[in-house]
Every structure is written in C-alpha cells, then in structure tokens.
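Every chain is numbered from 1 and lettered A, B, ... according to where its sequence line falls, protein lines coming before strand lines.
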Amino acid sequence: MKITFPHLGNSYIAIETLLRTLGHEPITPPLGTRKTLELGSKISPEHTCLPFKIILGNMLEGISQGADTVMMIGGWGPCRLGYYGEIQRILLEESGNDIEFITLEVPRKDYNKAWSTMRKVFSCKNLGAIYKGCQLTKAKMDVLERLENLSLYCRPREKIPGAISSFLDKKLQELRQVSSIKDCYLIYENSEKELEDLINPNNKRRVPRVGFLGEIYTVVEPFANLNIETRLGHLGVEVVRTISLWEWLQDHIFKKIMGKSHIEPLAKSADGYLRGFIGGHGLESVAHSVELAKSNLDGIIHILPLSCNPEIIAQGILPKISSDYEVPIMSLVIDEHAGETGFQTRLEAFVDLMERRLYARV
Amino acid sequence: MSQIGIPRALYYFQYNRLWQTFLGELGFQVVISPETNREILNMGLLSSVDGFCLPMKIYMGHVQYLVKNGIDRIFVPQIISVRKKEYICPNFMGLPDLIAQSVPSDIEIISPTVDGRKGRKKLIGDYLSFGRIFAPLERVKFAWEKAEQAQAEYDLFCENITSIMAPKINLLFLGPCYLTEDPFLNGDLINELDSLGVHVITQKQMNSEAIMEKQSLISKPLFWSGAKESFDTLNLYLDKIDGAVIVSPFGCGAQSLVNVLLNKCLQEHGTPNLELYLDEHSSSIGIQTRIEAFIDLLERKHYHENNLSTSG
Ligand code: SF4
Ligand code: SF4
C-alpha cells in the first residue's frame, strides 16, 4: 500500500522506516504550510480544533501525491482526538477521495475489523525483519528527539545566527537515510562534537530558560506553533521541553491512557490546583508547570489551540501557579488566523520580562 | 439548617431532581440560582478565560451570582462519566478546580467526584460515600433512594410528553440539554415553537440505559455521553419527525465533530435539518427568523406530501 500519514514534528523520519519495514511505500506529505491548513479547513467543520484541520490537510496533500491509504491514530477519549480519524474518514470520503483509512488503536467491540486491519498493516510476513525494523524505528525516534533537544540548548548560544537550525536540518536528513541502528547513534555522537564548534565558547551571559508545555500537537508540530522553539532560540532563550513525543505515542496507542501509575505522580504534583485527569494533556500542563515553577526556570510558556477544553481548564488555573511561585507564565492560544507579527511581539515581550527578572536577581 | 447553592447551568438541567432531593434529604437547604439573565451572563464573562465555551461562561456566572447573594457553600460536582465506558466533556472534570480559583477562598465548594466509567454501581457508590460526609449511612441510603425516585418520575414525565406526536409538525432538537433547556441561551425558542403548534422533542429524557445499546447509525462507537444521547434520540425518532434542528454552542469543538455525523445521518434519511450556533451575541430575533423560515419549509413539505397522498 502507498500510505500517507499526518505530520507530527519530525516523526515522519521514524514513520517512514516503520512503514517500509511493514512492506509499504510511505508517502510523506510536504511539511505543513498555509496551503495545508487551507485545504484542511475547506472540508472541516468550522468550529473544530486547529490540529484537526492541519492533519486533514496533510492527508489531502498525501493523497494528491498518490497515496491510496491514510494512517491515523485513534483512541477512546475523553478528548476528541480519539474521534478525529473517524470524522476525517467520512469527510475524505464525502469529498470524493477513494482511499483506505487505517486507524491505529486498541480495538473495542469490532474485533474482526481490527484483525483485518492488522492483517493489512502487517503485509510483510517476516517476523525477524519486522522486529529489526521496529528497533530501527525506535532508534530513529530516540535520536531525532535527542538532536532536537541538543539544538534547543545550542540555538541561544550559537555563533552565527541560524547556523544551528541548518545544522539540525542536515543531520535530520542524514538520519532519514541511514538504515542501521549503529549509524543512527553515530549521527548523534558526531553531532555532539560538531556542535561544539558552532556555539560561542566565551559567552558568559546567563541564558534564560523557558519551560514549554501545553497541548501535545501544538507543542510538537512547528507549523502549528509558528516555529516557536526556533523563534525563542533566536531570541536567546533556551527552551526546555516536558513532553517526549515518543513516550506520548507509546502511551496513546498501546497503553491504557488513564493508567493509575501514569496519573498518580502527576496528580501529586498538581495537588492543590487540580485533582486529577481532565483529558488530553491538561493535567500534565498543570503538573509540569508546578514542577517547572519549583525548579530554577525563568518562565513557562503554555500553548493551546483555540477551543481545546483540557488546556483551557489549565489556562484558567496557571495564573494561580504563576502568582504562588512568582514565575511568569504565558498562555498562547493558537488559531488559524494567528498572525506572525503579533505572535513575535508577544514572545519578545515575554522574553524581555524573563530577562529583566533574571538579571535583577543576578 | 445550612444552605447549599446549585448553579442552574450545565448538568443541572439533566440531574436537577436527583441533586436537589439528595442534598435536601441530607439536611441541606438547597438554593438554586435563577434562570440565566443578562446580569448572570455578564458576571460569567468577567470571571471566565476567553476560550471558554458559552455554557461554561454561563456556569461561572451562576456561581458568581450565588456567591454575590450570600451563599457560601456551592455544589459543583466533578463529573467524569455518567455511564459505562463513556466520558462527558473534559470541561466537567476540571470544573470544580476552576471554580475554586474564581471565588473568594472562604466559599466552600462541595464537590463529589462521580465516575460511572466502571458502571452504575460505582456511580452510586460515589454519591453514597459523598453523602457519608454529612450523614450516617442509613440516612444517606434513604436520601439516595428518594433522589433516584424523584429523578425517575421526572424523566418518565418528560418521556410521556414527548412520546405524543403532534398531528402537524414534529421537530427534533439535537444538542446538549443545557442549551435546549435554557431559554436565555436559545432565545426562548422552545416556548415560541410550542405556541406555533410545533411539537418539540429534545434529548433530555434520554437518561435510560436501555436505549444505549443501539448504535446502528455510526461505525465507531462514540465515547461521549452527550453525543451518544443525540444519536439515541435520533435513532428513536428518525421515522417520526418532520425535521431536526442541531443546536451547538459557539466554540465547542466536540460538538462540531459530532455534527458531521448527525448531518450525515439526517441527510441520508432525507430529513430536513437546520444547524444553529448559539453565542453570547446571538439575538433571539435572529434565531427566531431562521427557525420560522425552517418551519415554513417543513409546513410546505408537510402540506405537499399530504396533498399528494390524498390526491394520488
Ligand atoms: S487535546 Fe485539545 S486540541 Fe487535542 S483533541 Fe483535545 S480538544 Fe482538540
Ligand atoms: S461539550 Fe462543548 S459546550 Fe459542552 S461544556 Fe464541553 S465544550 Fe462546552
């Protein structure tokens, strides 16, 4: 099958490997642009959340590049994400796209259907090869997140503006091509060394550090968050992530999302602000904000798409954390009309605030 | 006797009998905020984050109203799920914590966690152990029985009214009861229609578990109770109605996804339908004009069909 799939940060690098392992041809859609969003919006219900529209746009672009199958993740709530796929399937069908739609999720009730889906997905029967391919996928996912984290550290410290971003792009493309686990980690090790030349050794300025959290899709997908991590880096700020995409994917597809073990430590951190799971990443946002506020960070940026319920609840609670711990926290609401200029101005003002606070203390 | 306030918003419209009786039997004097009005809406807008959906803003307003009127104890349950394997909107899970941030700290938020995901037994257990805070077990059990009975009687009453179809136009309203039951939010639509002789069916009386099994209209099981109730109501009445109105709160992303499914079903069945989005600026006149035009259409269709059948 020729399978297309939505973008989620740089995960396409790993997904391509996974699909090839399973005997399919990956059709990676172009990275998100305004056109992607327009395509998706055109056939989306008006009031649904932004991620839905961009994801649908990715699918449409993948289909126009020749994909005959769309792959998407599912789930069982409480957030709408679990139902995205089903609605997208209908919308694609209604707009005249004759494609197969595969939803990855733990099945409920309809086990026969789930089984036939699995049979289609696992068209390559060589178990050994599948196992090896999955290991490679995992390694790529791991390395790409490590590379991203490295660049988050280096960007505010770079010698030549923009050098780190182009370095990262180059390394990611290398990672995309390699086909052994050893090569993946070699890329990482080399990067660590090469990066040393790209950062300023005698910069004594203390770099402000900002925690970054919120709704997972907008956190991870640069097109949705207007490249916020890069922007902050260029403003001289180190971004600290709280979400690992790989962990989230594992959780979302394979595990019972609301497993106690997962919730309890978070609920403990959020104690006094929120009593437990509220769907999506709302609890994480509150819990991580408390944790970050307690650690030595200079600020927290919380990002969410318009009308995203779990994060709106978090947005209502974060000001309390901000005043209790005296840490600046900014919630950024993203919608399809988000303008670049206004966005940049808000970031600059926030960075200003963090810097003034930081240097007043030093 | 100590007072407790219940905001007349959100799930109040579904569980008012249950809550009121239960709390009353536990020894509280229950005070319910008045029907939504301009003042309540404005208070809600002031104490809300911009991104809230309209029903949440209204809820905040009702809480503020109660506080302003000297009620220092407010019932804000944390409802996670009302039926097995289902959720309701994530908003309800965070509601009590959110409310706690928006009222003065001497206001007591009384807030049982109700989680029926594991089934009805668990749900009842949640209510009972909540009651135990205020009264001995025997008394709590008694209170619960009375509460359930009161709610059941009311549900039955609603069901009986709905099941009598009108000779002329029967119109199904799909959407959360906190929209269809709040005259301020919907521009007093339901009463208006009543006076026009249109029989209105809402999904309010879809509490019973029995119907929940059918899900023939859609391929992936829904996990939101509200949406399921829409479909169950639709399942039940699809052949008996002349048209359907889908009411959604402005800014509710969940509802807009469900509407795709509802529209599809209605279209496939050839049932005329109208989508209404309600927001804090929507004028009752605007809503009424659209509804009247829709009723006109239904009447013409009705007339046409009847004439055809008598003449042909
Ligand atoms: S978490 Fe937010 S953006 Fe994601 S599906 Fe839920 S409501 Fe939409
Ligand atoms: S379902 Fe929609 S309208 Fe209802 S509370 Fe949730 S977001 Fe608001």
Side-chain angles (χ1 to χ4, degrees), chain A residues 43-52 74-80 82-91 93-94 103 105 108-110 113 258 270 272-280 282-283 286 304-321 331 333 335, chain B residues 47-53 56-57 60 78 80-81 85-102 105 109 111 113 115 117 215 218-225 227 248-265 267-268 275 277 279:
Chain A
I43 62 168
S44 294
E46 190 187 335
H47 296 270
T48 194
C49 27
L50 184 70
F52 182 95
W76 298 101
C79 218
R80 345 187 171 136
Y83 222 85
Y84 269 17
E86 180 62 15
I87 307 284
Q88 283 160 337
R89 184 181 66 81
I90 293 173
L91 292 174
E93 203 175 276
E94 280 180 352
T103 311
E105 67 194 349
R108 251 190 209 181
K109 277 194 191 152
D110 210 347
K113 196 172 125 210
M258 279 187 53
Y273 298 100
L274 195 62
R275 61 169 99 164
F277 183 69
I278 53 167
L283 174 62
V286 172
L304 66 153
L306 189 72
S307 91
C308 164
N309 310 55
E311 300 298 339
I312 288 172
I313 301 276
Q315 189 190 357
I317 289 173
L318 294 187
K320 182 88 187 345
I321 301 177
S331 285
V333 182
D335 72 358
Chain B
S47 52
S48 298
V49 174
D50 255 1
F52 282 176
C53 60
M56 286 281 282
K57 290 178 177 161
M60 301 293 271
Q78 185 200 28
I80 293 177
S81 160
K85 284 197 165 180
E86 289 176 30
Y87 282 107
I88 60 174
C89 171
N91 276 352
F92 297 94
M93 297 188 198
L95 199 58
D97 292 304
L98 205 61
I99 296 293
Q101 308 288 330
S102 73
S105 54
I109 303 294
S111 173
T113 296
D115 185 356
R117 254 178 311 148
Q215 273 213 16
I218 32 178
S219 64
K220 174 169 176 171
L222 282 159
F223 47 74
W224 301 297
S225 298
S248 323
F250 199 83
C252 174
Q255 182 77 41
S256 73
L257 289 191
V258 175
N259 289 357
V260 173
L261 297 173
L262 289 172
N263 272 325
K264 188 166 180 252
C265 279
Q267 263 160 28
E268 278 168 6
E275 253 188 90
Y277 279 91
D279 72 5

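Contacts between B:Ser81 and chain A at a heavy-atom distance below 4.5 Å are absent for every atom of the residue. Proximity to chain B is limited to the side chain of A:Leu91, based on heavy atoms less than 4.5 angstrom apart. At a 4.5 Å heavy-atom cutoff, the contact between A:Glu94 and chain B is made by side-chain atoms alone. For a residue to count as touching a neighbouring chain, one of its non-hydrogen atoms must lie under 4.5 Å from one of that chain's; by this rule B:Ser102 does not touch chain A.
Counting heavy-atom pairs under 4.5 Å between each of B:Asn91, B:Val258, B:Val260 and chain A puts B:Asn91 at the top.
For residues 252-264 of chain B, the set of pairs meeting the salt bridge (charged side-chain N to carboxylate O under 4.0 Å, His left out) definition, not counting sequence neighbours, comprises B:Lys264-B:Glu268.
When all heavy atoms are compared, the tightest approach of B:Gly51 to A:Ile312 is O-CD1, 3.1 Å. B:Ser256 approaches A:His47 most closely through the heavy-atom pair OG-C, 3.5 Å. In terms of heavy atoms, A:Ile317 sits closest to B:Gln101 at CG1-CG, 4.1 Å. Nearest approach of A:Tyr273 to B:Asp97, heavy atoms of both residues: O-CB, 3.2 Å. Closest heavy-atom contact between B:Gly94 and A:Ile313: CA-CG2, 3.8 Å.
For the pair B:Asn259 and A:Pro45, the minimum side-chain heavy-atom distance is 4.5 Å or more. Using a 4.5 Å heavy-atom threshold, the side chains of B:Leu261 and A:Ile90 count as touching.
Between the CG atom of B:Leu98 and the CG atom of A:Leu274 there is a distance of 9.0 Å, given to the nearest 0.5 Å.
Under the salt bridge (charged side-chain N to carboxylate O under 4.0 Å, His left out) criterion, A:Glu93 pairs with A:Arg89, not counting sequence neighbours.
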